[in-house]
Amino acid sequence: MNSLQKSLIIINMTEKTLNHIRPFTDEPIRFIGSEGEPLFDFKPEDLSLNEEDLKTLYYYMKLTRAFDRKGMFLTRSGKALFYVEVAGQEASTVASGYAIPENDWIFPAHREHGVLIVRGYPLTEMFAQIMGRMEVNKARQMPVHWGMRKLRILTISSPVGNQLPQAVGIGMAINYLKKDEAIIVYTGDGGSSTGDFHSALTFASVFKTPVIFFVQNNHWSISVPIKRQYGSKNIAIKATAYGMEGYYIDGNDFLAVYATTKLAFEKAHNKEPVLIEALTYRYGSHSTADQADRYRDIKELEYWQKTWDPIKRAKLYLQGLGIWNENWEKELDEQIEHELNEAIDEAEKRPEPPPETTLEDVYAQMPWHIEEQMRELLDEIKGA
Amino acid sequence: MVFKLEEGEKAKSAKAITIVKAIREALAEEMRRDSRVVILGEDVGKRGGVFLATEGLIDEFGEERVIDTPLTELGIIGVAVGMALYGLRPVAEIQFIDFVYPGFDQIVNEAAKFRYRSGGQYSVPLVIRSPYGGGIGGGLYHSQSPESYFTHTPGLKVIIPSTPTDAKGLLKSAIRDEDPVIFLEPKKIYMSIKEEVPDDIDFTIEIGKAKKIKEGKDVTLISYGYMVHVCMKAVEIAQKEGISVELIDLRTLLPFDKDAILESVAKTGRLVIVNEAPKIGSFASEISAFVSERAIEYLLAPIKRITGFDTPFPYAQQKYYMPNEYRIYKAIKEVMEWN
């Protein structure tokens with residue numbers, strides 16, 4: 001009995017699919033080509049996906065891209081002070097998010113909007129956070145620093161990579177308490193250079209924790225290209241040094257992302273930590289505080305947009321299956337526009353966090369010195 | 001003298017234990033009480049820690065709860081943060097606090113800020129305990145007193161005990177606390193001070209309360225950790241010279257006991273603060289600033305800080321570096337004679 005058969009079977013993919021997902025391949029694992037054409041003889045059912053799943057994935061990818069446009073618009077119109085674009089990485093985030101079992105944990109980094117949207121993070125909450133309105137984290141952090149405990153999404157911070165060992169600690173706690181749960185933790189190509197990455201993979205392999213390390217390799221860490229992040233042939237190969245499996249996948253192929261992440265969860269639930277490197281491309285700048293044209297050749301961007309765009313490829317694949325048409329696309333666009341506008345309107349109606357929230361939640365119980373500062377702040381506001 | 005613990009009556013009892021033993025008892029009692037408490041660090045398992053603070057715990061609680069880790073402080077603390085986020089009560093040992101810096105980001109940006117940044121959705125009930133301070137010939141990297149890095153970080157609590165009883169009672173409170181606690185243990189006196197310590201499972205000492213070691217009327221002397229014991233010697237010298245010194249052991253630095261400090265200074269009108277750490281930005285400086293803001297009307301003399309030098313901690317020159325009773329006494333005399 002192999003390890004896959006032992007588990008609770010959270011996946012139901014056929015041998016054909018599983019045989020296609022091999023660790024440490026030289027080329028990225030791909031199910032569909034740049035024109036959405038199947039690269040070998042498989043059907044959606046081989047990935048345990050039905051027509052409804054495919055349409056849902058497509059909807060979420062389009063929603064994520066449209067969300068991005070709204071995020072940029074809110075920043076340009078002064079309603080938000082900052083935004084981080086996810087455009088180009090819709091398959092990587094949405095399809096991995098779609099593969100995460102309901103009870104498992106998510107520790108995102110700063111470019112995982114699609115993962116959160118798929119998990120059901122309310123759009124109003126996301127926009128409220130961006131606009132500094134009252135939301136579940138009380139709007140203390142810069143835009144796109146989301147997190148929601150009831151959805152088992154950890155609240156992210158800004159330093160790159162330091163969530164990785166924490167995810168492993170969650171994995172160790174899951175093991176200690178003998179829970180049948182796992183956690184997926186995201187980072188980028190830059191994050192793979194950190195000491196946190198090394199410590200996390202070391203701990204994960206030594207203690208056999210149910211953790212999936214999902215690296216979105218989008219080619220750029222602000223202005224630094226990937227040739228300055230690693231001298232190895234890719235990032236996935238690094239897993240071999242930790243005694244783990246590393247999967248090098250086409251992050252703009254929603255089927256490859258979905259199937260590999262599903263398989264990784266199967267392994268994680270069997271206490272085999274996994275590293276996934278999803279090769280993708282950041283269309284925008286690092287953030288609204290950056291200008292990619294200062295350091296990046298526009299031709300590179302155009303090549304990725306033209307050849308490997310994840311939404312275009314998904315559309316062509318659905319078209320090939322006969323489940324896409326212009327009318328549906330139009331309906332989707334209208335529905336998404338409506339959903340997003342409604343969420344933004346709702347978010348704008350939210351109040352700003354009250355002044356007390358400046359000083360609350362530092363400790364479980366407020367110590368005397370913060371109480372004093374609270375009185376000073378409230379007096380100042382009263383006096384003003 | 002009643003305040004000289006190492007020679008006190010309690011120390012003669014067969015039941016008297018050292019600070020290291022008191023810490024071990026605190027850990028064992030809390031682990032028996034609460035299955036969520038786990039220990040992790042380098043050499044904490046079979047070796048029992050390089051100072052034996054965790055000796056024997058692996059035999060009682062197994063390697064699932066007394067976890068020898070890979071050699072990475074950043075990993076130890078990062079992983080411990082994750083365990084705490086999930087609901088465990090990890091106690092991470094950093095072998096010497098001098099080695100904590102690779103994990104500094106995990107403490108300052110993560111453990112300390114998780115509650116705040118998540119709007120109270122998540123918390124990190126984590127204890128990081130570590131030997132600190134000089135006096136054992138440890139040179140630059142086995143002697144440091146970096147408490148001010150942590151007292152400067154909102155979201156952390158910082159505790160430094162000076163006796164076996166305080167070490168035990170405060171460590172138990174730290175493990176039960178809902179927030180991350182930096183628990184620094186004065187290794188110079190790990191084994192040299194003994195006293196009888198309560199063994200009631202629910203014996204704890206409240207975080208944030210100072211302890212008056214000796215009543216006095218002329219000068220307030222504030223310290224913590226090993227320096228409390230050096231201060232005791234200075235108090236004795238002063239007493240022989242007819243100066244009555246009130247000695248306060250802070251025990252908790254963050255949040256510190258403002259009332260104990262202000263009441264004493266209001267009574268004596270003179271203040272000397274002692275810590276081993278370098279002077280600039282030291283916790284002594286914080287207490288000095290606090291008293292200057294709140295109680296200057298009571299002061300009869302300038303506040304004095306007796307601290308380590310603003311240098312790295314040296315090996316062969318340790319005896320010059322560490323504040324001693326004569327330096328402290330000199331400061332006491334200066335504030336008495338100031339006019």
Side-chain angles (χ1 to χ4, degrees), chain A residues 105 107 134-141 145 147-150 153-159 161-177 179 181 183 185 194-196 198-200 202-204 206-207 209 211 353 357 359-365 367-370 372, chain B residues 35-36 38 40 64-65 67-88 90 102-103 105-106 108-126 154-157 177-180 207-208 252 254-259 290:
Chain A
W105 294 78
F107 209 146
M134 203 51 182
E135 48 92 30
V136 71
N137 300 286
K138 301 186 188 171
R140 291 177 173 125
Q141 295 204 86
H145 289 58
M148 193 175 280
R149 187 176 183 117
K150 70 173 186 197
I153 297 169
L154 279 296
T155 300
I156 71 170
S157 64
S158 303
N162 69 5
Q163 70 278 24
L164 299 167
Q166 294 169 26
V168 178
I170 288 171
M172 288 173 78
I174 287 169
N175 282 354
Y176 174 67
L177 295 172
K179 304 267 190 183
E181 293 172 11
I183 179 166
V185 57
T194 61
D196 296 88
H198 172 61
S199 289
T202 299
F203 265 84
V206 167
F207 293 102
T209 56
V211 180
T357 57
L359 291 138
E360 289 164 349
D361 299 326
V362 182
Y363 299 94
Q365 270 150 10
W368 66 267
H369 62 287
I370 301 182
E372 285 188 5
Chain B
S35 65
R36 297 172 303 169
V38 299
L40 68 163
E64 276 194 324
R65 295 183 71 189
I67 305 164
D68 266 329
T69 64
L71 199 160
T72 157
E73 282 75 16
L74 128 63
I76 293 166
I77 298 169
V79 156
V81 169
M83 290 173 157
L85 284 168
Y86 195 82
L88 300 186
D105 174 56
Q106 290 291 345
V108 171
N109 277 328
E110 299 299 311
K113 295 182 177 37
F114 231 113
R115 183 187 293 282
Y116 190 76
R117 83 181 193 221
S118 68
Q121 295 182 88
Y122 289 99
S123 61
V124 183
L126 156 71
L156 299 179
K157 295 183 180 179
D177 201 89
E178 298 298 328
D179 290 301
I207 294 170
T252 301
L254 188 65
F256 66 86
D257 187 342
K258 71 172 190 326
D259 296 332
F290 174 75

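All chains are named by letter (A, B, ...) in the order of the sequence lines, taking the proteins before the strands, and each is independently numbered beginning at 1.
Ranking A:Pro367, A:Pro159, A:Ala139, A:Ala167 against chain B, the residue ahead of the rest is A:Pro159, based on heavy-atom pairs under 4.5 Å. With chain A as the partner, the residue from B:Ser118, B:Pro125, B:Pro180 showing the most heavy-atom pairs under 4.5 Å is B:Ser118. Ranked by heavy-atom pairs shorter than 4.5 Å toward chain A, the options B:Arg115, B:Met83, B:Glu64, B:Arg117 are led by B:Arg117. Counting heavy-atom pairs closer than 4.5 Å to chain B, the top residue among A:Asn175, A:Ile174, A:Val206, A:Thr357 is A:Ile174.
Put simply, the side chain of B:Glu178 never gets that close to the backbone of A:Ala364: no donor and acceptor are under 3.5 Å apart. A donor-acceptor pair is defined here as one N or O able to donate and one able to accept, closer than 3.5 Å; no such pair exists between the side chain of B:Tyr116 and the backbone of A:Tyr363.
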With side-chain contact (heavy atoms from CB on, under 4.5 Å) as the test, would you mind laying out the steps for B:Ile67 and A:Phe207 before giving the verdict?
CA-CA 10 Å; B:Ile67 305 164; A:Phe207 293 102; 3.5 Å; yes
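When every heavy atom of B:Gly82 is checked against every heavy atom of A:Ile170, the shortest pair comes out as O-CG1, 3.3 Å. Here the closest non-hydrogen pair linking B:Pro154 and A:Val362 is C-CG1, 3.9 Å. Among all heavy-atom pairs drawn from A:Arg149 and B:Gln121, the shortest one is N-OE1, 2.8 Å. Between B:Pro255 and A:Trp368, the shortest heavy-atom contact is CB-NE1, 4.2 Å. Minimum heavy-atom separation, A:Gly195 to B:Leu74: C-CD2, 3.6 Å.
Interface residue B:Leu85: backbone and side-chain heavy atoms are both found under 4.5 Å from chain A. At a 4.5 Å heavy-atom cutoff, the contact between A:Glu360 and chain B is made by backbone atoms alone. Contact annotation for B:Phe256: both backbone and side-chain heavy atoms come within less than 4.5 Å of a heavy atom of chain A. Residue contact with chain B, scored on non-hydrogen atoms closer than 4.5 Å, is absent for A:Ile183. With a 4.5 angstrom heavy-atom cutoff, A:Thr209 does not touch chain B via any of its atoms.
Under the 4.5 Å side-chain criterion, counting only non-hydrogen atoms from C-beta, B:Tyr86 is in contact with A:Glu181. Inter-residue side-chain proximity for B:Leu254 and A:His369 is flagged as met; some heavy-atom pair is nearer than 4.5 Å. Two residues are said to be in side-chain contact when any heavy atoms from C-beta on lie closer than 4.5 Å; A:Ser157 and B:Asn109 fail this criterion.
A ring-centre distance under 6.0 Å is not found for B:Tyr122 and A:Trp105.
Donor-acceptor pairing under 3.5 Å is recorded for the side chains of A:Gln166 and B:Gln106. With 3.5 Å as the limit, one finds a donor-acceptor pair spanning the side chains of B:Arg65 and A:Tyr176.
One distance of note links CG of A:Asn162 with CD1 of B:Ile77; it measures 12.0 Å at 0.5 Å rounding. Taken to the nearest 0.5 Å, the CZ atom of A:Arg140 stands 13.0 Å off from the NZ atom of B:Lys113.
With sequence neighbours left out, the salt bridge (charged side-chain N to carboxylate O under 4.0 Å, His left out) criterion links B:Lys157 to B:Asp177.
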